[in-house]
Amino acid sequence: MPNNRFKKSHPKPAITKIAKLGMDKKSFQQDFKHYYLHRLGRDENCRSPYYAYTASALSLSDRLIERWKSTYNTYRKNDCKKAYYLSMEFLIGRSMSNAMLNLGVEDPLRKALYELGLDIEELEDAEPDAGLGNGGLGRLAACFIDSCATLELPVVGYGLRYEYGMFKQLIENGYQVEEPDHWLKNGNVWELERPEYTQRIKFWGHTENYVDEQGTTRTRWVNSHDILAVPFDMPVPGFKNGTVNTLRLWKATATEEFDLDEFNAGEYAEAVAKKNNAENITMVLYPNDANENGKALRLQQQYLLASASLQDVIANWIGRHGTDFSRFAEKNCFQLNDTHPSISVAELMRLLIDEHQLEWDEAWEITTQTMAYTNHTLLPEALEKWSVGLMQHMLPRLMEIIFEINARFMAQVSAKWPGDFDRMRRMSIIEEGHDKQVRMAFLAIVGSFSVNGVAELHSKLLKEGLFKDFYELWPEKFNNKTNGVTPRRWLAGCNPELAALISKHIGDKWLTDLSQLDKLKSYTEDAKFRKQWREIKQANKQRLAEYALHEQGVKLNTDALFDIQVKRIHEYKRQLLNVLHVIHLYNRIKSGDTQNWVNRCVLIGGKAAPGYAMAKKTIKLINNVADVINNDPEVGDKLKLVFMSNYRVSAMEKICPAADLSEQISTAGKEASGTGNMKFMMNGALTIGTLDGANIEIREEVGDENFFLFGLTEEEVEALRGHYNPQTYIEQDEDLQAVMQLLECGHFNQFEPGIFDDIISAVKSPADPWMTIADFRSFVDAQRRVEQAFLKQEDWTRMSILNTASSGKFSTDRTISEYNDEIWKLDAVNVSS
Ligand code: 26Q
């Protein structure tokens, strides 16, 4: 294992500054040929777009690395405060087109390839998605690091380099089938292995006390089985500013001496097997976007991320400042992406106390001044808990530290509310009971100086509900940071024609100041502009139709309303409500109720967690309903339903520019924020939605008249709980009766009797937490308003323009500026090239 970090004896290569690589067409052509011929060993006879993609990517990567070095050296010189975004997920998607855009070399590279007879779009499609995340939380992390680099903030992303990303979704007989996603099988052009920064991670073993040279009693963690964490760095370019930040992803490997012990004993095969065991830790992303409780491997992943990242930061600190930690908190801040890395609170304490001999109080001061926690869910069942037994066994020293943190915290609670034992029980980091549990969210809150939600409503509900006790104790910790999306990928990159039209009229400052889009509002009354706007949407719909034909084999009529819901499949997101509406439309067609009919293509896409039976059954229902509708000649172009399989980042880049209507229909109070809603809005889709998550803020920005609102409010949902009776809604609504009747008679599962019984009884149950039936009428009425609006194409276009024009707030540049102003407090550092 090369470990040259502290080796000062080796000579440095005598490399003097050389001119940066050219950014022109000719330089790209030269480099492309070099890589294609000499590195990849291909020639004019090779037809695979994959190698052409790789050669282009290597050429781009060279340019990124130059700027990466300058950025690194500039930060070093400045000794600036840094923030670290700790996340188990970074849903990057593809990197090539983003690198081109941010380096500002789209034109020369496109031309260079064109002259070689290559179509850049085909090469882009050859790049595999880096699917290192489940959904919103992982994609948010990717948008965040893009914005940090664009805002010139010294922020490092820390994550895991999963060998297998999010599974590939196939549909067989209407059912989801998961296939492993070995995204690294052909290598990853964008990563740089840095074995010199390898960290050692302890597991298992036990603790013991000893007396150190100063006579102080200390604790050490012994007999541990250690694993190595090797960093692979990915460049994160800012938008045309010379900054390239770092995303550092850890890969688990076996320690060498670990292998050798066995080897010397003649157990070669066992030694190699152990290596495999170690590498299992970062083998696969957990494909659940809610808590899958108790899996030891998941806890190992979390601890590896926390420990490796913190040790990395501390090694850097010691390299510059020695072992004086008094200014550590002034210069470092850790943002925890949900509770997944929250073991960091205890791990930082361990490192400071056991490894660097700080006193408890000093260490606690540092920890609670550097940690900040973001919550992404209100669903109580999604809150992470780990069994005390498992933690004691796997991370014995951490469990001791958590007990100590909790004991001191309980003393604080008891001092503020003497005798309030119920409150102590509620607030304890340790949940008492038969199988004691560590409540990770509480550990995160106690150990952090900032706790935030991801949309106004969500942050309010955290304070009033889930974290009420903590809000009463520490109101100053709580704040809101409404999510966003990066406008580089989600407007400029995925919708180049619209971006060009916008820039032609209001200039291109919007790329780094999205509030500029406001200037588009004056163009709503410009008929020529509206026509161009409409033509671009039409072309995007055409492209999506081709994609749908190619991927799903369904022909879409591009004059129809494109009504789209893409996101993870979850009961609270209510894909079922969407299906009930589609069945209602089908009933209208079959009963001849088609006056003022608006043709509609309903597209639904998303993955279900492999263990989530109800979500998987929902996919089957969508596919079965689609089968009946799409093959009924009486329905024809009036209605299509398509399940878009294998929804992922690169699919959304084709989908969101083509949407007319964005479905954001979660039960009010359940979707923390949503970010797909923002991507659709930015690309000129109108939203049909509930008062949930960021929908509320979207509606505020665009105005009530440009948003199709429906459904119960969060308060109404809570007030109804306990006496909700779906049957009364069904009895009072003929349309709903007809829909339920069709479902219940097995019309969509004629040869598969009973398969939807569980879905039917779930929505008809008074205990249905998602209250799908309660919102049916209001949803259908809102969809009627959508149709009436879509019939007036000029007005619809006005509303579409207004949606894009009002989306300025939903840039992650704004979100990150708020994180920085209120939490991180970093100075921007310009990397002059
Ligand atoms: C936890 C433990 C074990 C296994 C898996 C998990 C796990 C993994 C991923 C739990 C949750 C997630 C992801 C949650 C998520 O994506 N939440 C979404 O975050 C978005 C960004 O803030 C919000 O916009 C969405 O509203 C929220 O649902």
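Numbering of ligands and ligand atoms starts at 1, following listing order.
- The shortest N or O to N or O distance between N483 and ligand 1 is under 3.5 Å.
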Please assess S450 against K477 for the test side chain to side chain contact (heavy atoms under 4.5 Å, CB included), listing each intermediate value before the final yes or no. CA-CA 5 Å; S450 165; K477 282 194 190 186; over 6 Å; no
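- Distances below 4.0 Å separate heavy atoms of A672 from the following atoms of ligand 1: 26 (O).
- Salt bridge absent: E178 and K607 never bring a charged side-chain N and a carboxylate O closer than 4.0 Å.
- Using modelled atom types, no side-chain atom of D289 and backbone atom of R568 make a donor-acceptor pair closer than 3.5 Å.
- Taking the six-membered ring where the residue is Trp, F779 and H581 present perpendicular rings, their angle passing 60° and hence far from 30°.
- No option in Y85, F90, Y84 other than Y85 meets the ring pair (Phe, Tyr, Trp, His ring centres under 6.0 Å) test with F144.
- Taking 4.5 Å as the limit, every side-chain heavy atom of N646 sits out of range of all side-chain heavy atoms of L170.
- Residues Y158 and F334 place their aromatic rings such that the two centres sit no closer than 6.0 Å.
- Nearest protein heavy-atom contact of atom 12 (C) of ligand 1 is D289 O, 3.4 Å.
- The distance criterion of under 3.5 Å between nitrogen or oxygen atoms is met by G674 with respect to ligand 1.
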Checking side chain to side chain contact (heavy atoms under 4.5 Å, CB included) for the pair V454/N375: CA distance, chi angles, key distance, verdict? CA-CA 7 Å; V454 290; N375 172 285; over 6 Å; no
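- Residue contacts with ligand 1: N288 is included, with a non-hydrogen atom under 4.0 Å away.
- Between R648 and K168, every side-chain heavy-atom pair lies at or beyond the 4.5 Å cut-off.
- The distance criterion of under 3.5 Å between nitrogen or oxygen atoms is not met by H340 with respect to ligand 1.
- Nearest protein neighbour of atom 19 (O) of ligand 1, counting heavy atoms only, is L137 N, 3.5 Å.
- With a 4.0 Å heavy-atom cut-off, ligand 1 is reached by no atom of A382.
- Annotation: G138 places no N or O atom under 3.5 Å from an N or O atom of ligand 1; distance criterion only.
- The side chain of V454, and not its backbone, has at least one atom closer than 4.0 Å to an atom of ligand 1 (non-hydrogen atoms only; side chain from C-beta on).
- Of the candidates R139, R298, K385, H376, it is R298 that places a heavy atom closest to atom 3 (C) of ligand 1.
- With hydrogens left out, the protein atom closest to atom 2 (C) of ligand 1 is N291 OD1, 3.2 Å, a heavy atom.
- Ligand 1 lies out of reach of G693, whose nearest heavy atom is not under 4.0 Å from it.
- Within the structure, the closest approach of E89 to ligand 1 falls below 4.0 Å when heavy atoms are considered.
- In terms of protein heavy atoms, atom 26 (O) of ligand 1 is closest to E671 OE1, 2.6 Å.
- For the salt bridge (Lys or Arg N to Asp or Glu O under 4.0 Å) with E431, the lone residue among K436, K385, R426 that qualifies is K385.
- Atoms of ligand 1 lying under 4.0 Å from any heavy atom of Y572, numbered from 1 in the order shown and given with element: 28 (O).
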